[in-house]
Colleague: 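Here it is, the structure, as structure tokens.
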Amino acid sequence: MKLDYSTIAAKWKEIWAETHLYKVHENPDLPKFYVLDMFPYPSGAGLHVGHPLGYVASDIYARHKRMSGFNVLHPMGYDAFGLPAEQYALDTGVHPAKSTSDNITRYRAQLDNIGFSFDWSRQVRTDDPAYYRWTQWIFLNLYQHYYDITKDKALPISGLIAHFGEYGSLQMNAACADHPPFSTEEWKVMSAAQKENILMNYRLAYRKKGYVNWCEALGTVLANDEVKDGVSERGGHPVIQKEMMQWALRVTAYAERLLNGMDVIDWSESLKAIQRNWIGRSEGAFIEFQLEQNNGQTIKVFTTRPDTIFGSTFLVLAKDHALVNEIISPAQKATVEAYIDRSKSKVSDVKAAGEKNLDGAWTGAYAIHPITKNKIQIWIADYVLSDYGTGAIMAVPCGDERDHAFAKQHQLEIVEVIDRSAFENASIEDKQGTLMNSDFLNGLSVEKAIQAILKFLVEQQLGTKQIAYKLRDANFSRQRYWGEPFPVYYDAEGLVHEMDTSSLPHELPDLDDFKPSPDGRSPLARLDAWARPSADRSLETDTMPGYAGSSWYFLRYMDPNNPNEFVSKKAVDYWQDVDLYVGGVEHAVGHLMYSRFWHKFLYDLGYVPTQEPFKKLVNQGMIQGVVESLILLKERHEGNAHFISADLIKTKGLTSEDFSAIPVHIDFVSAYGQPNSHLTGDGIQSFIQWRSEYGNALFEGADGKMYTTGDSNGAIIETLSEVGKMSKRYHNVVNPDDVIDKYGADCFRMYEMFLGPIEQSKPWDTMGIEGISKFLRKFWSLYFNEEGDWIVTNDVPQESSYKALHATIKKTNEDIERFSFNTAISQFMICVNELRKTGEQSSKILEPLVQIVAPFAPFITEEIWQQFGHKESVHKSTFPAHDEKWLVNTSKTYPVCINGKKRSEITLAIDIPEEEIKSSAMALPEIQKWLEGQVIKKTIVIPGKMVNIVV
RNA sequence: GCGGGUGUGGUGAAAUUGGUAGACACGCUAGACUUAGGAUCUAGUGCUGCAAGGCUUGGGGGUUCGAGUCCCUCCACCCGCACCA
């Protein structure tokens, strides 16, 4: 049999599908293992070589676990709802439902091509009503629960209502937005609408009016993590702050648990750091400042440095702080309004520039310093954010850089309260130094002063100890068509009513015109018959954001077709949680945060047995593309464009002033990504056809070879050569199907793994793939000769072959376990080279070798395995165990006594019988004497101290 | 600015607990077979030196018999957050 990978792959793909090889069931007799990939959203572009990197790694891991006696759940599905799918549909004019399904078909074919061991019977897609009815169901649960801080869990809202009926809002320790306190009596006389408004402050899914990230171009509101540098992450459109009525999720209620949970999960430090940073916990205090008018109103500020309170010379409020309008003095009204106008017109991209914004205005009002009783001015400024802390600060110009800059800018008083003379290098914000000008705090260290002032503030009822988080509640409304409809409706008064869970799914209606409306309403709002089923009932026309469906999909895989529950108790008790999750780091604060939040919520409700959904998480790197460009001279040649081969830049002594680089589609480039990447005559023809404006261009290069700038070694070219994302824009997308056509799926898989450590990003470089291809041919040639005859015998193997095999078994086991696939592949190469060198043909060696390689190269190993006469798939076989007897170390370390004194270690070859070495009693001269007659490769003797001998 | 990470040949990278640094592969050089080679095989390939040898894991310092690995310090690069009080 000749090596014909495409025939082999086609054959086994079919057989695996027919026999449902990778189908799994709960099996209490076997330990479970759940290997999960982040499911893709099926965009129109299809998969490129970067996508499968993580999938291949997890597939190898899953296959290995399966062969090691675990019952492995390894599913795949599609994140079909959300902006990307809809945006694609908008671009192409095809209905999202159709384009999504078409794309899924294409993705599926591409995935199958790579030989993954997914159990496709468990596929989920988030746009399937049978799936999203449970997304809606979880939403309703969030709506029906609040977070009890004392019990530290979510509880039904009915308990809260009961509490209000009995105690009013007093003693209610729950996560909520600020609202005026009320008594039992007040609660009892409230109207339904008033009660509902109160409850909205507690519900975990709630409606609120507030500033949101509004993206005009996309016609929708975006979550904080969907906004990067003031523009939308998708499309790069400007985002402004707009006030709208929106659904939101009270993720802040879980901030502390989301933070603490990270201590018990096996994620990379950097990822945990990103999440910690996003949650942004800081300890400090709320301090109340009376207004000068003394009308009972106070301004509550948040500070992490209460010790500097004596240095506080003014207060600053956010521009949309609740009290702003009340306190502005008539004299300052015009100034303040002018400032607010200025500030509102500013788009958020001022932030991106990284400038400090010191704009602000004095309200004309004063507050009373709670301790010194001094009158201090109240200002409004951009640098105070309304949604962090209390939206108000006590400015301490001597202890905070921004306050300091602001004070200078507006000529406000600066009082030094920290003596830092003992700490030369301390910056203004360091917690070092001794208090001064601070009454009873004078002379205390910063640490001690914080404790002392906190005690004082609490005793005097001027403030409380508080923890603030940067984490914001998650906006949950999208003015879009392609998403889950909210299972709620509003009555004539605008009150929210839940749909009955038995009526779910609340299906997304069909629509012809799904373009966003410029007025900020969802396209569904135009569907009057649907949106207003009766005079006193209107439906929510916004839809849920992309992360809704992806926040719990890993649970659905456990029991994907259950019509009665989102997941059965039996299934979730067996599968528990995800043991290994592989995916991109780009989901660090979006998907991974929301999933953990939903999971903890479902845990509180008793639906899932674990607090954390993903025990171990591995972030695969990105496969980057090289941008190949042709050099276009600025100076034209007889009126036509003039390209030169990149190697001529140096020859001609050109500088970057003289030319520009024009990106070339990589399909035209020979030796893509290599130092000698170039266009041949055909390539030039294709280029001209592609970019017709260069039809008459002159192409100047030796032998008609036009070198491109893909070279990363060349001096001047280096600055032109770019490595970055693979994207359509740069025409550098490598399609896995093309690679597989040329080299086969096994080679593709192994090469992706061989590129380097899985977490690292690296450019796709076609050069190295030949090495893997060569290896696979060598591997094949252990089993078949050139004529294609089976050459495996039943002879007794050579000893060296056992050694090579068992070393490889051991290393492969260890390497896969620690996610080091490149080193495992290196070991295969060593083993295969060794077996070829000695001409090993024994099945005793070659049969287990197939099993070791099988997780990496599933197709050709399956083919070879059958040749041994096995009826069952190699992927159902048991991974061979290594035998220690063949793995005697080449050297062993023994403790010895050097010169009768110091205990140290000595490295000796194993050929020296162990009993010859009298443990710790052997002195240096004895060893040297014993070694006489041995072949000594290397000896390092440090007299009186240490011997290192290699025999 | 804050937080996290990374620095090893011409390249991608190994070195799991401190123990012969550079495995494995790419590339390159020479040779063999060839009409030819972008096929295959063989040998060589960290730097330096004719050699013996010397030097070598971003720089400097330290601990240790022994450091790529541990500690201190400086430098460079990458990623995340960024007016968070």
Side-chain angles (χ1 to χ4, degrees), chain A residues 225 228-229 268-278 280-282 284 301-306 308 312 316 318 350-352 354-359 381-385 387-396 399-403 405-406 427 429 468-472 585-586 588-589 619 621 670-671 674-676 712-713 751 754-757 759-763 765-772 774-775 777 786 811 814-815 817-818 820 822-831 833 890-891 893 898 902 904-907 937-938 940-950:
Chain A
D225 55 277
K228 292 260 146 70
D229 298 333
S268 73
E269 264 323 300
S270 64
L271 193 69
K272 285 187 186 177
I274 292 171
Q275 289 219 343
R276 287 198 185 102
N277 195 357
W278 191 258
R281 181 187 199 271
S282 44
V301 304
F302 177 70
T303 178
T304 56
R305 293 294 302 273
T308 62
S312 171
V316 188
V350 178
K351 275 192 202 170
E355 317 158 359
K356 292 268 173 263
N357 187 350
L358 298 176
D359 203 358
D382 278 355
Y383 82 94
V384 174
L385 308 174
D387 53 359
Y388 179 74
T390 59
I393 63 156
M394 60 174 207
V396 183
D400 181 285
E401 261 180 57
R402 290 152 309 175
D403 295 344
F406 193 81
S427 79
E429 289 180 358
Y469 300 93
K470 283 195 233 172
L471 185 72
R472 312 284 147 88
V585 71
E586 65 272 20
V589 290
N619 289 125
S670 303
Q674 300 176 25
N676 60 338
S712 50
N713 304 321
Y751 181 55
F754 192 64
L755 276 172
E759 302 89 350
Q760 231 158 78
S761 289
K762 50 239 154 184
D765 144 35
T766 45
M767 268 200 281
I769 200 166
E770 295 290 346
I772 297 292
K774 217 184 284 178
F775 160 76
R777 288 197 298 270
E786 281 190 40
K811 183 140 177 64
E814 290 168 355
D815 285 350
E817 210 46 61
R818 66 189 178 105
S820 177
N822 53 335
T823 52
I825 294 171
S826 294
Q827 183 64 37
F828 294 160
M829 292 175 171
I830 294 168
C831 183
N833 284 340
T890 50
S891 67
T893 310
I898 305 290
K902 190 163 186 174
S904 189
E905 290 184 334
I906 180 167
T907 307
K937 278 187 193 156
K938 194 169 184 177
I940 305 160
V941 182
I942 295 130
K945 282 185 174 176
M946 175 67 191
V947 198
N948 244 330
I949 307 157
V950 180

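Residue numbers start from 1 in every chain, and the chains themselves are labelled A, B, ... in the order their sequence lines are given, proteins ahead of strands. Just so we're clear, the structure is a prediction, and the values are computed from it rather than from any experiment.
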Colleague: Do the non-hydrogen side-chain atoms of A/Arg818 and A/Thr823 ever get within less than 4.5 Å of each other?
Modeller: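 Heavy-atom side-chain distance check passes, below 4.5 Å.
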Colleague: Set out, line by line, the N/O atom pairs under 3.5 Å between protein and nucleotides 28-31 of chain B.
Modeller:
none

Colleague: Give me the distances for all protein-to-nucleotides 68-71 of chain B N/O pairs that come in under 3.5 Å?
Modeller:
none

Colleague: For nucleotides B/C24 and B/A15, find the distance between their C1' atoms and express it as a whole number of Å.
Modeller: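 12 Å, rounded to whole Å.
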Colleague: Determine the Euclidean distance between corresponding P atoms of B/G3 and B/C72; express it in Å to zero decimal places.
Modeller: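 Between the two P atoms, the distance is 15 Å.
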Colleague: Which atom pairs link the protein and nucleotides 37-44 of chain B when you take only N or O atoms and keep those under 3.5 Å?
Modeller:
residue : atom : partner  : partner atom : Å
B/U40   : OP1  : A/Arg777 : NH2          : 3.0

Colleague: Please give the distance between the C1' atoms of B/G59 and B/U20 as a whole number of Å.
Modeller: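 Their C1' atoms lie roughly 26 Å apart.
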Colleague: For nucleotides 22-24 of chain B, list the nitrogen or oxygen atoms of the protein found under 3.5 Å from its nitrogen or oxygen atoms, one pair per line.
Modeller:
residue : atom : partner  : partner atom : Å
B/A23   : N1   : A/Ser826 : OG           : 3.4

Colleague: OP1 or OP2 of B/A13 less than 4.0 angstrom from a side-chain nitrogen or oxygen of A/Gln760, does that happen here?
Modeller: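 Yes, within the criterion.
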Colleague: Identify, with sequence neighbours excluded, every residue that meets salt bridge (charged side-chain N to carboxylate O under 4.0 Å, His left out) alongside A/Asp403.
Modeller: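 A/Asp403 satisfies salt bridge (charged side-chain N to carboxylate O under 4.0 Å, His left out) with no other residue.
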Colleague: Between B/A36 and B/G54, how many Å separate the two C1' atoms, rounded to a whole number?
Modeller: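 Nearest-Å result for B/A36 against B/G54 at atom C1': 46 Å.
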Colleague: Tell me if B/G9 is syn or anti. Syn = glycosidic torsion within 90° of 0, anti otherwise.
Modeller: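 Syn, angle within 90° of zero.
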Colleague: Say you pick atom P in B/C70 and the same atom in B/A14; how far apart are they, in whole Å?
Modeller: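 Looking at atom P only, B/C70 and B/A14 are 16 Å apart.
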Colleague: Rounded to whole Å, please give me the gap between CD1 in A/Ile274 and C1' in B/G80.
Modeller: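 Spelled out: CD1 on A/Ile274 to C1' on B/G80 is 5 Å.
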Colleague: Return the value, rounded to whole Å, for the distance between atom CD of A/Glu269 and atom C1' of B/C79.
Modeller: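 After rounding, the gap between these two atoms is 15 Å.
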Colleague: Please state the P separation for the pair B/A21 and B/C26 - nearest whole angstrom.
Modeller: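 Between the two P atoms, the distance is 25 Å.
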Colleague: How far, in whole Å, is B/A23 from B/U73 if one measures between their P atoms?
Modeller: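 The same atom, P, in both gives a distance of 34 Å.
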Colleague: Under a 3.5 Å cut-off on both pairing distances, which runs of 3 or more consecutive Watson-Crick or G-U pairs involve RNA chain B?
Modeller: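 Ordered by first number, the stems with RNA chain B (at least 3 consecutive pairs each) read B:1-7 with B:75-81, B:10-12 with B:24-26, B:27-32 with B:40-45, B:46-48 with B:53-55, B:58-62 with B:70-74.
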Colleague: In whole angstrom, give the distance that lies between atom OH of A/Tyr383 and atom C1' of B/G1.
Modeller: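 It works out to 16 Å between those atoms.
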Colleague: RNA chain B: A/Ala273 or A/Lys811, which has the more 5' nearest nucleotide?
Modeller: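 Counting from the 5' end, the first nearest nucleotide belongs to A/Ala273.
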Colleague: Let me know the distance between CG of A/Leu271 and C1' of B/C81, rounded to the nearest Å.
Modeller: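 Rounded to whole Å, this separation is 14 Å.
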